[in-house]
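Predicted, not measured: the structure shown is a model, and the values here were computed from it.
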Amino acid sequence: MIIMVNENITELEKKLVPKGTVSVIGCGRLGIRVIMDLIEVHRGGPLQIFAYDGANIAKNDIIHRKYGAKIGENKAKFAEDFFSDKVVAVCENITIETVQSIKGDVAIICIAGGDTTPIREAIIKHCEKNNIKTIGTNGVFGIEETVKVGDAIYSDGPVNYVNIENEGHIVVGTGRYIRDGAPITPHILDEISKKMIIECLKIINKINK
């Protein structure tokens, strides 16, 4: 049995506080999972979360509705209303013209739908110039696939379509393409979110030591 000597537990607990800022870009099925997981971190995690999304909640946004969201609410504003102590809503979609508004220590890119390659590239370049670490996806399709984490430069999958010049952009995903015909499943999204949060917390702890 290990006995702690001359240590004040209360003082140690006081040191375990939220720190750093995270921007979550896209508050859809994956993004809202990331936000909810981040705000649930206790005795640590980010001090502030900026949630970016200009879309409204639709009938098939089941994960949002599970948390009590109403159809028609803005996705980012719903996240802020759910936990305004940490979350700040930016109720607009990030565009190539507005990437400069992204701030913080870490940006988690969860945008989806259509060809997101140009805006992903713009976000990554902006963050690289401003010393903001980035985490993104590399395939969200799958039924029983393994969710992998890696540097985008050395990863295979949809991220290969994104023009990334330098190391440092972390990607999480199954590596599967939309053409593979697999669905997007809640358990895969849960696993992607979990691993994104792990990578995010590792970055925050290093940045703020």
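A donor and an acceptor atom, one from each side chain of Asn166 and Glu128, are located under 3.5 Å apart. When only modelled atom types and interatomic distance are considered, Ser155 and Asn138 share no side-chain donor-acceptor pair under 3.5 Å. For the residue pair Thr98/Thr95, the side-chain donor-acceptor check at 3.5 Å is satisfied.
The aromatic rings of His64 and Phe78 sit tilted relative to each other, their planes meeting at an angle between 30° and 60°.
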- Task: Could you check Ile35 against Val87 for side-chain contact (heavy atoms from CB on, under 4.5 Å), going step by step and ending with a plain yes or no?
- Result: CA-CA 8 Å; Ile35 291 170; Val87 182; 4.1 Å; yes
- Task: Go through the steps to decide whether Thr174 and Ile188 satisfy the test side-chain contact (heavy atoms from CB on, under 4.5 Å), and finish with yes or no.
- Result: CA-CA 8 Å; Thr174 61; Ile188 291 289; 3.8 Å; yes
- Message: Ile102 vs Ile94, test: side-chain contact (heavy atoms from CB on, under 4.5 Å). Steps then yes/no.
- Response: CA-CA 8 Å; Ile102 298 171; Ile94 289 292; 3.9 Å; yes
- Item | Verdict with reasoning, His169 to Val162, per side-chain contact (heavy atoms from CB on, under 4.5 Å) | CA-CA 11 Å; His169 176 55; Val162 183; over 6 Å; no
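Between Pro46 and Thr21 there is no side-chain heavy-atom pair separated by less than 4.5 Å. Two residues are said to be in side-chain contact when any heavy atoms from C-beta on lie closer than 4.5 Å; Lys77 and Asp53 fail this criterion. Two residues are said to be in side-chain contact when any heavy atoms from C-beta on lie closer than 4.5 Å; Asn130 and Gln100 fail this criterion. Side-chain contact between Asp85 and Glu80 is absent, with no heavy atoms from C-beta onward closer than 4.5 Å. Residues Cys200 and Ile135 have side chains in contact (heavy-atom distance under 4.5 Å, counting atoms from C-beta outward). Side-chain contact between Ile119 and Ile111 is present, with heavy atoms from C-beta onward closer than 4.5 Å. Side-chain contact between Val140 and Leu189: present, with at least one pair of heavy atoms (C-beta onward) separated by less than 4.5 Å. A 4.5 Å side-chain heavy-atom check between Lys75 and Asn56 finds every atom pair outside the cut-off.
Taking each heavy atom of Ala76 and Val90 in turn, the nearest pair found is CB-O, 3.9 Å. Taking every heavy atom of both residues into account, Asn93 and Ala55 meet most closely at OD1-N, 4.0 Å. The two atoms that bring Glu145 and Ile143 nearest to each other are OE1-N, 2.5 Å, heavy atoms only. Nearest approach of Lys86 to Val41, heavy atoms of both residues: NZ-O, 4.2 Å. The shortest non-hydrogen separation linking Ile96 to Ala122 is CG1-CB, 4.1 Å. Across every non-hydrogen atom of Ile132 and Gly104, the tightest pair is CG1-O, 3.3 Å.
If you take CD1 on Ile62 and CD1 on Ile57, they are separated by 11.0 Å, rounding to the nearest 0.5 Å. Taking SG of Cys127 as the reference point, atom CG of Asp105 lies at 11.0 Å (rounded to 0.5 Å). In this structure, CD1 on Ile170 lies 9.0 Å from NZ on Lys133, to the nearest 0.5 angstrom. Rounded to the nearest 0.5 Å, atoms CD1 (Ile108) and OG1 (Thr137) are 11.5 Å apart. How far CD1 of Ile164 is from OH of Tyr154: 12.0 Å, rounded to the nearest 0.5 Å.
Checked by atom type and distance alone, the side chain of Glu13 never pairs as donor or acceptor with a backbone atom of Glu11 at under 3.5 Å. Listed for the Asp37 side chain is no donor-acceptor partner under 3.5 Å among the backbone atoms of Val34. Counting only distance, with no hydrogens or angles, the side chain of Arg65 and the backbone of Lys59 share a donor-acceptor pair below 3.5 Å. Judged by distance alone, with hydrogens and angles left aside, the side-chain atoms of Glu73 form a donor-acceptor pair with the main-chain N or O of Lys70 at under 3.5 Å. A donor-acceptor pair under 3.5 Å is formed between the side chain of Ser23 and the backbone N or O of Lys103.
Under a 4.0 Å N-O distance rule, the pair Lys195/Glu191 qualifies as a salt bridge. Using a 4.0 Å cut-off between a side-chain N of Lys or Arg and a carboxylate O of Asp or Glu, Lys202 and Glu199 qualify as a salt bridge.
The aromatic ring centres of Tyr177 and Phe141 sit 6.0 Å or more apart.
Judged as a side chain to side chain contact (heavy atoms under 4.5 Å, CB included), and not counting sequence neighbours, the contacts of Pro186 are Arg33. In terms of the side chain to side chain donor-acceptor pair (under 3.5 Å) criterion, residue partners of Asp115 (sequence neighbours excluded) are, by chain and number, Thr117.
Within 6.0 Å of CD1 in Ile71 there are more than 12 heavy atoms belonging to other residues, nucleotides or ligands.
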